[in-house]
Amino acid sequence: MKDNPRFINFPPRDSKEWKLEYNARTSAERSNKREKIDFQLESGRHRSTKMWYCRLYHILMLQHLDAWDLPYESTLRKLILDVA
């Protein structure tokens with residue numbers, strides 16, 4: 001255990017609790033990547049933290065809108081697939 005503290009951990013690996021915790025961590029990392037890299041949060045030239053927070057707030061609104069933009073499935077394609 002002293003050599004490798006990840007050998008025995010809580011919750012145990014291959015459990016439902018582990019998968020929930022791991023999924024939460026990876027989703028947070030994807031969100032941070034989206035803010036920092038895709039929306040270029042850190043490349044803005046702000047003189048005050050107030051403007052930085054305004055930019056962050058707008059980025060979070062854009063992330064929320066992107067999450068609502070679900071893939072569109074046309075009714076014609078659905079009808080063709082149901083018939084086939």
Side-chain angles (χ1 to χ4, degrees):
M1 182 70 177
K2 290 180 182 178
D3 294 338
N4 190 0
R6 296 187 315 169
F7 185 65
I8 299 174
N9 58 345
F10 183 78
R13 293 180 193 237
D14 300 331
S15 66
K16 289 183 181 180
E17 294 86 12
W18 172 261
K19 286 185 179 183
L20 287 173
E21 187 173 331
Y22 189 77
N23 286 340
R25 190 182 113 215
T26 57
S27 68
E29 289 175 358
R30 284 191 305 269
S31 176
N32 290 340
K33 178 257 181 197
R34 185 98 169 115
E35 293 164 8
K36 289 182 178 180
I37 296 173
D38 295 344
F39 289 114
Q40 300 175 352
L41 175 63
E42 295 176 343
S43 67
R45 297 179 181 238
H46 308 107
R47 291 180 181 236
S48 67
T49 56
K50 187 176 183 180
M51 290 304 295
W52 188 85
Y53 281 116
C54 286
R55 183 178 172 106
L56 179 64
Y57 182 72
H58 290 122
I59 287 172
L60 294 175
M61 284 193 302
L62 289 172
Q63 273 187 300
H64 186 73
L65 289 173
D66 284 345
W68 277 95
D69 188 20
L70 300 174
Y72 176 74
E73 183 177 338
S74 69
T75 55
L76 179 62
R77 180 173 183 225
K78 188 175 179 182
L79 182 66
I80 292 171
L81 291 176
D82 287 343
V83 172

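If you read the sequence from its start, that first residue is 1, and numbering goes on from there. Atom set for the values below is all heavy atoms of this structure, side chains included, hydrogens, waters and symmetry mates excluded.
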Worksheet item: Do L60 and E35 have side chains that get closer than 4.5 Å, going by heavy atoms?
Response: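 L60 vs E35: side chains touch.
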Worksheet item: Is I37 reachable from F39 through a run of hydrophobic residues whose side-chain heavy atoms are each under 4.5 Å from the next?
Response: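 In one cluster with F39: I37, no.
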Discussion item. Just checking D14: does its CG atom have more than 12 heavy atoms from other residues, nucleotides or ligands closer to it than 6.0 angstrom?
Written reply: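 No - once you tally the heavy atoms of other residues, nucleotides and ligands closer than 6.0 Å, there are 12 at most.
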Worksheet item: Between atom NE2 of H64 and atom CD1 of I59, what is the distance when rounded to the nearest 0.5 Å?
Response: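 H64 NE2 to I59 CD1: 16.0 Å, rounded to 0.5 Å.
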Worksheet item: Between R55 and L41, what is the shortest heavy-atom contact and its length?
Response: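 For R55 versus L41, the nearest heavy atoms are NE-O, 3.7 Å.
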Worksheet item: What closest approach, in Å, do A24 and S27 show between heavy atoms, and which atom pair accounts for it?
Response: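 Closest pair (atom of A24, atom of S27, distance): O-OG, 2.9 Å.
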Discussion item. Do the side chains of E29 and K33 get close enough for a salt bridge, i.e. N-O under 4.0 angstrom?
Written reply: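 The answer is no: the pair does not qualify as a salt bridge.
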Fill in: Side-chain donor or acceptor of T49 paired with backbone N/O of W52 under 3.5 Å
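Checked: no pair found.
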Discussion item. For the backbone of Y22 and the side chain of T26, can you confirm whether one donor and one acceptor N or O come within less than 3.5 Å of each other?
Written reply: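 Indeed, once roles are kept as given, a pair shorter than 3.5 Å links the two residues.
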